[in-house]
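First up is the structure itself, then whatever we jot down about it.
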Amino acid sequence: MKQLSSQNATVRAGGADPGPGRSQPDSTRPATASPLQDAIAEVLRQGESLLNSLSDGEYTRKLPNVFGSTVGEHYRHCLDHFQSLLQGLDADEINYDHRERNPRIENDRNFALAETQRILRGFASISTPFLGCPINVRSKVNYELDAAPSIGSTVGRELMYAVAHVIHHYALIAVMCGMLEAPVPAGFGVAPSTLKYHAEQPKAA
């Protein structure tokens, strides 16, 4: 398998931030960004909008009707998968079971916002040709066996998975925000194909 770290030196574990003495990019969208990179940027910016619209109390309030969970816990889970993906690009294997699960992300809304922006920069640094590179992916899928199988994938396919995964969790977060009577960004938690389908339906007279 190709060594991914040699394919794209700007992708580093922990979010691909610029090194000492290097300035941040003026834009989080590369000039040659692919639709997949645009999709990642869009869902992360939706996350930014959500975090900016919630109060600290709303972000950490436990909701009995949703198994006592919080918006922050579900949002942290979303970022965990993005972090695992970025870190795996340097390790030449993405392991979705080795997630950071940082409690600060679920309890500190401002820290979650900073992490969202850091991850956004990390994905923006990936060059479009890099999306076709092969990579192994490991994840536990059996409740009884401890072994986590490893299968072949590509960087682009895992970006696609990350987008679909976060949209489904956003849908649950949107329900939770409804319970909190807190607004969510337009289209939040709705699959792009569903939005397209509804837009194409004839309007009622």
Side-chain angles (χ1 to χ4, degrees), residues 1-19 22-48 74-102 105 112 114-142 147-171 187 189-196:
M1 192 178 86
K2 296 179 182 178
Q3 292 296 310
L4 297 183
S5 55
S6 65
Q7 289 288 317
N8 192 324
T10 62
V11 178
R12 295 186 297 275
D17 278 336
R22 299 179 186 176
S23 60
Q24 297 288 0
D26 293 333
S27 171
T28 55
R29 184 187 191 281
T32 57
S34 74
L36 274 177
Q37 288 164 292
D38 283 342
I40 287 275
E42 182 177 357
V43 295
L44 286 169
R45 289 189 184 113
Q46 282 187 330
E48 283 184 310
H74 284 276
Y75 192 75
R76 187 268 303 157
H77 178 78
C78 293
L79 293 193
D80 272 350
H81 278 69
F82 286 130
Q83 290 170 335
S84 293
L85 204 168
L86 282 175
Q87 291 164 1
L89 300 185
D90 276 339
D92 293 345
E93 179 182 82
I94 299 168
N95 191 330
Y96 290 117
D97 294 330
H98 289 173
R99 300 194 299 274
E100 187 174 350
R101 295 180 172 90
N102 187 345
I105 294 176
E115 280 295 288
T116 301
Q117 294 164 346
R118 185 180 68 86
I119 292 169
L120 184 57
R121 291 193 298 271
F123 281 110
S125 72
I126 298 174
S127 65
T128 299
F130 188 60
L131 301 180
C133 286
I135 190 167
N136 286 334
V137 180
R138 189 177 296 277
S139 181
K140 181 174 168 57
V141 292
N142 190 301
S150 178
I151 63 169
S153 185
T154 67
V155 174
R157 177 62 187 88
E158 294 313 302
L159 262 67
M160 187 181 293
Y161 161 73
V163 171
H165 175 263
V166 76
I167 288 173
H168 283 290
H169 275 276
Y170 277 5
V190 183
S193 59
T194 302
L195 291 174
K196 183 176 184 294

Legend entry - Minimum heavy-atom distance Gly122-Ser125, with the two atoms named: O-OG, 2.7 Å

Legend entry - Approximate separation, where rounding is to 0.5 Å, of Gln83 CD and Asn102 CG: 7.5 Å

Inset, instruction - Would you please test Ile94 and Arg138 for side-chain contact (heavy atoms from CB on, under 4.5 Å) and show each step? - result: CA-CA 6 Å; Ile94 299 168; Arg138 189 177 296 277; over 6 Å; no

Inset, instruction - Give, for atom OG of Ser139 and atom CG of Asp97, the distance between the pair rounded to the nearest 0.5 Å. - result: 4.5 Å

Inset, instruction - Return yes when atom NE2 of His81 has more than 12 non-hydrogen atoms of other residues, nucleotides or ligands closer than 6.0 Å, and no otherwise. - result: yes

Inset, instruction - For residues Leu85 and Phe123, report the shortest heavy-atom separation together with the two atoms involved. - result: CD2-CE2, 4.1 Å

Legend entry - Note, Ile119 side chain near Leu79 side chain (heavy atom, < 4.5 Å): yes

Legend entry - Expected output: side-chain Tyr161 to main-chain Gly156 donor-acceptor under 3.5 Å: no

Legend entry - Between Glu48 and Thr116, a side-chain donor and acceptor under 3.5 Å: no

Inset, instruction - Any chance you could measure Ser84, atom OG, to Asn95, atom CG, to the nearest 0.5 Å? - result: 7.5 Å

Inset, instruction - Report yes if the side chains of Ser150 and Glu93 come closer than 4.5 Å at any heavy-atom pair, otherwise no. - result: yes

Legend entry - Centroid-centroid under 6.0 Å between His77 and His165 rings: yes

Legend entry - Taking every non-hydrogen atom, the tightest pair across Ser153 and Val137: CB-CG2, 3.7 Å

Inset, instruction - Give a yes or no on whether the backbone of Tyr96 and the side-chain of Arg99 come within a donor-acceptor separation of less than 3.5 Å. - result: yes

Inset, instruction - Verify, without hydrogens or angle tests, whether Gln37 (side chain) and Ile126 (backbone) share a donor-acceptor contact under 3.5 angstrom. - result: yes

Inset, instruction - Working to the nearest 0.5 Å, report the span between CD1 of Ile167 and CD of Glu42. - result: 8.0 Å

Inset, instruction - Using atom types as modelled and distance alone, determine if a side-chain donor or acceptor of Glu158 lies under 3.5 Å from a backbone N or O of Val155. - result: no

Legend entry - Nearest-0.5 Å distance, OH of residue Tyr75 to CD of residue Glu115: 10.0 Å

Inset, instruction - Measure from the side-chain N and O atoms of Asp80 to the backbone N and O of Arg101, and report whether any donor-acceptor pair falls under 3.5 Å. - result: yes

Inset, instruction - Please name the pair of heavy atoms, one in Phe82 and one in Ala162, separated by the smallest distance, quoted to 0.1 Å. - result: CE2-CB, 3.5 Å

Legend entry - Closest contact, heavy atoms only, Ile40 versus Val43: O-CG2, 3.2 Å

Legend entry - Point-to-point distance, once rounded to the nearest 0.5 Å, from OG1 of Thr154 to CG of Leu159: 9.0 Å

